[in-house]
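Encoded as structure tokens, the structure appears first; notes follow it.
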Amino acid sequence: MSQRKPFPFSEFEPRWQQQWLDTGAFRAPNPGDADFDASKPKFYVLDMFPYPSGEGLHVGHVEGYTATDILARYKRMRGFNVLHPMGWDAFGLPAEQFAIKTGRHPRETTGRNVARFRTQLQGIGFSYDWSREISTTDPGYFKWTQWIFLQLYGSWFNPATNKAESISTYAGANPDDVRLAYIADRPVNWCPELGTVLANEEVVEGRSEVGGFAVERRPMRQWMLRITDYAQRLIEELEGLDWPESIKLLQRNWIGRSEGAMVKFETEVGPVEVFTTRPDTLFGATYMVLAPEHPLVESITTGEQAQAVADYQKKVSSKSDLDRTDLAKEKTGVFTGAFATNPVSGAKLPVWIADYVLMGYGTGAIMAVPAHDERDFEFAQTFDLPVIQVVQPSGEGDWRGFVGDGVAVNSGFLDGLPTPEAKKKIIAWLEEHGVGAGRVNYKLRDWLFSRQRYWGEPFPILWEDGRHRALDESELPLVQPEMDDFKPTGTGEPPLAKAVEWVRYSETARRETNTMPQWAGSCWYYLRFCDPENTARFAGSEAEKFWMDAGKPGGVDLYVGGTEHAVLHLLYARFWHKVLFDLGHVSTPEPFQRLVNQGMILGGDGQKMSKSRGNVVNPDDVISEYGADALRLYEMFMGPLEQTKPWSMKGVEGVFRFLARVWRLGFEENQEGEWIVSSAFAEVEFTGKQARVVHETIKKITKDVEDLSFNTAIAQMMIFVNEFTTAEPRPIEALRVLLRLLSPFAPHLAEEMWERLGKAFAGFDGLASQQAWPDYDEKLLVDDEVEILLQVNGKPCDRVTVSKGMSDSDLEALALANEKVREKIENKAVVKVIVVRGKLVNVVVK
RNA sequence: GCCGGUGUGGCGAAAUGGCAGACGCAACGGACUUAAAAUCCGUUGGUGCAAAACACCAUGCGGGUUCGAGUCCCGCCACCGGCACCA
């Protein structure tokens, strides 16, 4: 026999979920809609939408989603127009991998997974406006992803105006040189196992992030996005955002701005440019290093060294990135036989190649100053190259390997200058002599934007006579061809190439066969939510302006998600948004005003949840045993939102018991086993203490919700309930307040109790979730009497209750007259007395 | 190596520089029950004391500022996360 539930959550939770859906209780009207109320301010609260995996929803998702849901429900009660949408980041590798294995179309798998996720989310009672649901795989959606790509393709970054403009304003000879979306033939991360190219970000320690397969470098023709043009703005414009400082720092570091100089070194085959952050050490350069892939290597290498150089290049290129990092401890390299001239000293410097110089950063060539650079020093030691001191450290310590600021020595006209001045002077000299210039360099590289996959957005691009051109907007969306073989071709050619009919656009034109990466769809989905049905624009401009523009740099008021997207997703989305802003399509320069990262939820064993450890908690199981409200409440009660914390089923039981206590606070079981409104309730006034608890609770929960401190808000509700469970008679007003406060946290229970109480008492009209948030009265919070702590030398000694208005001098006198205080201070001299009004009196004695 | 975060009872955690441990879990004692579960009431940081009163010790470690430090400053240690030859 199944045990009787402490409260009938399994009956009323689905009922309320259904009712919310049926009545569109959380539909957010757009400007122009009949029920739109322009007098209400907007609040846009967004979750990072999930990839609908086959695994279903994870308790980690539920944490962030519950936090935003509480805030969304709270803001509605505070009279805001709340936009709280959900959708699916549904393109992606797993569905395609599954399709490859089974031959089933990824659309099927995706559809099934989406349906499961939707059911799960609705089963938790999230107050999403489901009429705004979107999927990145929907042609009605990716039409606009493709459209945005065409915007990128059709514009360039004008350094003079510091923003993107239509490519038609470009005065240069070849617009293809400057398009924000461009083609490049370059070494990429080729993963033979996946049959695709990966972005740097998708490669972890030389292996694919998905699947963990080996990755090698291989040159290929790729679509790139010129995100580097925005590097400076992406750093600067972090300023106005309410993001955790640590995340801003992560982005700044990722972009990696460094100031220095470009210096030209002459060689027999022409000048070689290097980037350095320490131009002041130019006199200390004793050799030069080119990246093994540097284009000049071939021409510069002398006959004698040709073989050794070729061998080294081969060795390096066959190394996977993994090996390359693994062997990083030992410096390797080969002399090219060539020499370069130091522009400032005229010294002849041997030119080497070594894999510690990366082709992807700076110019792919460096001047080596072994005395003041650890890597160069190590290399010089290995190959016995000269080391010349050019910086004198200010304190004690060896100059060899000293990389800090000091004073220039052995540096001709720089001698005696502190490092910052020496930098300025040498840059001026370089510019004057035409052999260099000040330069800012970024670690950030352009975004490799194409993938050799089926399940992604096709590029709206045609190829004709070896040239690319944009597909006309009227031909969007460009949908993938129907296929039943999704296997990679293995040659690096994308699977779409197999759809010969589709590829053939006309007699002379062929379609691009690459697809876009998964990031594309998630780069702008928050915009689509503003107006998801729009067929004429990615979002109507009135709707976009209303939901995104509140006079702040960022549009979304609160964006919650995991730290794993701290850099890439957030950087890419910011980049796209800025381009759209520059082109006049959106009204704010930044997408997300406030960002919060929820912490990771660990298994009960304190380890990361994983199938192999068998410590995964499935939200469905929690719901069937304890209900959705208990799941929500527990996830919030565990601890601070942003902290990593372990799951505890005992903890779930704890909040479940609390919810049962709330239920029994309102209802008692009659002879027939029915729940009836407790007879203890009556329309009576609060006692003084009750009133204080009620108003303290409203105040604390209001503040805690605003601060996203949900754990302490819940603790306060528990205090509230503890106060009233024993009360007799119970003022019914207590429940009118409590249920409204509880409603964002445990909406089903609040709704159910609200409805039932409405049959017995007045003042329970409508839905609990549609009530106004309660106000508190500051006057009722304070007692006339206040307990004062008496201390001697900072140690607690006694407590006395005094009237609130007592003056400092009276308090001091009272403390000195106190018996316990006198015991402690007798025979000692009172040095001073510190009085903190309403708190304590501290008597300092010697 | 560099950057960031976190260290408080048996556990999850609270605490505008002002009584450390709110709230919850676990444990223990009691009530109800034929019994159990559920529920309700109570106790619960450590040491000393038979116990109470009380005293002392307690917020990773060591210093400092302050009448007073979990909180501020300096120096360490441990764990977690990110980056990693970025010139």
- Task: Using the criterion of both pairing distances under 3.5 Å for Watson-Crick and G-U wobble pairs, give all stems of 3 or more consecutive pairs involving RNA chain B.
- Result: B:1-7 with B:77-83, B:10-12 with B:23-25, B:27-31 with B:39-43, B:45-48 with B:54-57, B:60-64 with B:72-76
- Note on the structure: For residues 654-665 of chain A, the salt bridge (charged side-chain N to carboxylate O under 4.0 Å, His left out) pairs (sequence neighbours left out) are none
- Query: Reckon R657(A) touches a base, only the sugar-phosphate, or nothing at all at heavy-atom distances under 4.0 Å?
  - Reply: sugar-phosphate
- Query: How is S258(A) classified with respect to the nucleic acid when contacts are heavy atoms under 4.0 Å: base, sugar-phosphate, or nothing?
  - Reply: sugar-phosphate
Using atom [atom1] in both nucleotides, what's the gap between [N] and [M] to the nearest angstrom?
| N | M | atom1 | answer |
| --- | --- | --- | --- |
| rU47(B) | rA52(B) | P | 13 Å |
| rG81(B) | rC76(B) | P | 24 Å |
| rC72(B) | rU59(B) | P | 15 Å |

Out of [options], whichever nucleotide has its closest atom nearest the side chain of [X]:
| X | options | result |
| --- | --- | --- |
| N842(A) | rA13(B), rC67(B), rA87(B) | rC67(B) |
| F637(A) | rG12(B), rC83(B), rA26(B) | rG12(B) |
| N722(A) | rA20(B), rA14(B), rG24(B) | rG24(B) |
| K331(A) | rC67(B), rC85(B), rC19(B) | rC85(B) |
| A715(A) | rC67(B), rC23(B), rA87(B) | rC23(B) |

- Per the atom types in the model, does the base of rC23(B) pair as donor or acceptor with the side chain of Q716(A) at under 3.5 Å? no
- With sequence neighbours left out, the residues meeting side chain to side chain donor-acceptor pair (under 3.5 Å) with E273(A) are none
- Query: Would you call the rings of Y572(A) and W447(A) parallel, tilted or perpendicular, where under 30° means parallel and over 60° means perpendicular?
  - Reply: parallel
- Message: Within the 4.0 Å limit for protein heavy atoms, which parts of nucleotides 1-10 of chain B are touched? Write it as a string from 5' to 3', B for base, S for sugar-phosphate only, - for none.
- Response: --SS------
- side-chain N/O T712(A) vs rA13(B) OP1/OP2, d < 4.0 Å: no
- Intermediate values then yes/no, side chain to side chain donor-acceptor pair (under 3.5 Å), Y442(A) and Q232(A): CA-CA 9 Å; Y442(A) 299 93; Q232(A) 189 59 34; 2.4 Å; yes
Contacts table for residues 638-645 of chain A: side-chain donor-acceptor under 3.5 angstrom, sequence neighbours left out:
{"unit_1": "K645(A)", "atom_1": "NZ", "unit_2": "E63(A)", "atom_2": "OE2", "d": "2.5"}
{"unit_1": "K645(A)", "atom_1": "NZ", "unit_2": "P640(A)", "atom_2": "O", "d": "3.0"}
{"unit_1": "K645(A)", "atom_1": "NZ", "unit_2": "L641(A)", "atom_2": "O", "d": "3.3"}
{"unit_1": "K645(A)", "atom_1": "NZ", "unit_2": "Q643(A)", "atom_2": "O", "d": "2.6"}

- Using the closest heavy atom to pick a nucleotide of RNA chain B for each, name whichever of K820(A) or E653(A) lands nearer the 5' end. E653(A)
- Could you tell me whether rG9(B) is syn or anti, where syn means a glycosidic angle within 90 degrees of zero? syn
- Query: Any side-chain donor-acceptor pair under 3.5 Å between N597(A) and T563(A)?
  - Reply: no
- Message: Among residues 832-840 of chain A, which ones have heavy-atom contacts with RNA chain B below 4.0 Å?
- Response: K832(A), I834(A), V836(A), K839(A), L840(A)
- Message: Name the residue from V387(A), N342(A), I388(A) that meets the side-chain contact (heavy atoms from CB on, under 4.5 Å) definition with T286(A).
- Response: I388(A)
